[in-house]
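For reference, the structure discussed in these notes is given below.
The structure presented is a predicted model; accordingly, all values stated were derived computationally and were not measured.
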Protein chains: 2
Amino acid sequence: MEKRVLRADARRNREAIVAAARAVFDDDEQLRFDDFAARAGVGVGTLYRHFPTREALAAAVYEGEVAGLLEQARDSTRSAGENLDAFLRGFVEYLVAHAGLARTLAAVVDPAVQADRGSELENTVADLLQRAAADGAVRDDVGVGAIMIVLHGIGSATDRPHWAAEARGAADLLLAGLRTG
Amino acid sequence: MEKRVLRADARRNREAIVAAARAVFDDDEQLRFDDFAARAGVGVGTLYRHFPTREALAAAVYEGEVAGLLEQARDSTRSAGENLDAFLRGFVEYLVAHAGLARTLAAVVDPAVQADRGSELENTVADLLQRAAADGAVRDDVGVGAIMIVLHGIGSATDRPHWAAEARGAADLLLAGLRTG
DNA sequence: GGAGAATATGGAGATCATCTCCAGTTGTCA
DNA sequence: TGACAACTGGAGATGATCTCCATATTCTCC
């Protein structure tokens with residue numbers, strides 16, 4: 001986890017790049033990596049300094065996107081079981097609504113990277129799961145990993161003809177499986 | 001579905017390429033596409049004529065691999081429910097045992113391609129599912145797509161630290177979800 | 001507010017994987 | 001065995017990726 005403070009121009013450029021990349025991904029445009037620089041009004045060198053690989057760029061976009069979702073994750077007026085349920089369904093709906101983004105990110109974000117850094121997404125799901133299990137709302141012998149795998153599957157299937165419906169089906173299956181004693 | 005009969009030398013080369021590729025994938029070697037040709041003792045041109053893209057090559061390997069698994073899919077001494085259960089668990093075990101292969105294939109075989117051509121794998125799962133549902137062994141409101149998505153997630157998660165365990169966990173969840181009324 | 005020191009920039013061009021093309025070889029069939 | 005179609009191999013064109021560094025911008029401290 002880097003601590004270095006970026007110079008003002010560096011931060012500005014970094015943000016411009018991420019913003020441009022998010023737009024490109026969301027539109028599902030297929031762009032040469034170099035062109036992301038042009039989109040952001042920045043030189044190639046700058047792009048590469050901030051994001052050495054396509055993956056790094058995708059990870060940065062991903063982080064920003066997920067942050068928004070995580071905020072709604074915990075709602076104290078609901079039970080732990082309801083929270084888990086709502087979050088997972090919400091996540092799937094988000095993916096469905098942003099297929100382009102989901103496609104790019106799934107294709108490009110290495111699951112191992114997310115796992116290594118204990119991604120916030122995974123931590124949040126782990127927490128929701130643990131609370132729901134403690135409440136007896138779901139079984140307690142399932143790891144977060146299994147859930148992450150299913151989520152990743154959903155995110156990487158955007159090209160399937162009836163993806164949206166199938167994604168919801170997979171989520172249903174997942175939640176039904178969790179509720180099993 | 002091609003019908004053309006290949007000349008003897010062409011068939012020989014094609015098979016050599018697929019065999020070499022399977023070995024490379026299984027060892028999880030990262031090779032320039034051109035080098036697959038050298039591995040198979042064949043010129044680059046030949047490689048490209050048979051397999052215009054990396055995906056095409058992966059698909060050929062994939063087809064060969066899956067064929068083996070499908071043979072064991074139906075066992076008339078077992079109930080439809082048991083068959084589905086056994087096949088899905090067997091598939092996961094196969095992936096676990098061939099992580100390198102699973103990684104490459106998942107990374108490279110476009111899910112849409114599989115879906116378009118009604119891949120044999122999908123057809124088989126659909127059939128097993130339908131029979132199990134008719135038997136009342138599993139719910140009847142789930143499409144194959146949902147299952148394929150989970151399987152794809154399992155196949156693409158090979159880089160996660162505790163992949164094997166998590167893969168089995170995901171399969172458990174899937175099967176438990178299917179059994180729900 | 002100005003003189004360094006530190007940090008960041010951009011884009012020309014090196015590098016390297018991908019893919020095409022076709023002169024030559026091999027297999028097939030009568 | 002000859003004639004023709006099918007197939008081969010690999011040199012080189014193509015085009016994306018990434019490096020390098022002379023120049024520019026920001027920061028710090030007096």
Looking at every strand, decide which applies to [X] at a 4.0 Å heavy-atom threshold: base, sugar-phosphate, or nothing.
X	result
A:Tyr48	base
A:Arg11	nothing
A:Arg14	nothing

Does a side-chain N-to-carboxylate-O contact under 4.0 Å join [X] and [Y]?
X	Y	result
A:Arg32	A:Asp35	yes
B:Asp26	B:Arg22	no
B:Arg39	B:Asp34	no

Give a yes/no answer on whether the side chain of [X] brings an N or O atom under 4.0 Å of OP1 or OP2 in [N].
X	N	result
A:His50	C:dA8	no
A:Asn13	C:dT9	yes
B:Arg49	D:dA6	no
A:Thr46	C:dA8	no
B:Arg7	C:dT26	no

Centroid-centroid under 6.0 Å between B:Phe25 and B:Tyr62 rings: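 That pair fails the under 6.0 Å test.
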
Atom pair distance, as rounded to whole Å: [atom1] in [X] and [atom2] in [N]:
X	N	atom1	atom2	answer
A:Asp35	C:dG11	CG	C1'	13 Å
A:Asp9	C:dT9	CG	C1'	8 Å
A:Leu6	D:dC27	CG	P	11 Å
B:Arg12	C:dT25	CZ	P	17 Å
A:Glu55	D:dC18	CD	C1'	14 Å
A:Leu47	D:dT19	CG	P	12 Å
A:Phe51	C:dA8	CZ	P	13 Å

Nucleotide nearest A:Val42 (side chain, heavy atoms from C-beta), chosen from C:dG10, D:dG9, C:dA8: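 The nucleotide sitting nearest to the side chain is C:dG10.
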
Closest listed nucleotide, where the reference is the side chain of B:Ala10 and the choices are C:dA8, D:dT8, D:dT26: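 Of C:dA8, D:dT8, D:dT26, D:dT8 is nearest to the side chain of B:Ala10.
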
Joint cluster assignment, A:Leu6 & A:Tyr48, ILVMFWY side-chain distance < 4.5 Å: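 No, because A:Leu6 and A:Tyr48 fall into different hydrophobic clusters, even though each may have its own neighbours under 4.5 Å.
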
C:dT18 base / B:Arg32 side chain donor-acceptor hit below 3.5 Å: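 In this structure, the two groups form no donor-acceptor pair.
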
5′-ward residue of the pair B:Asp34/A:Ala8 relative to DNA chain D: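 Checking each residue's closest nucleotide, the 5'-ward one belongs to B:Asp34.
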
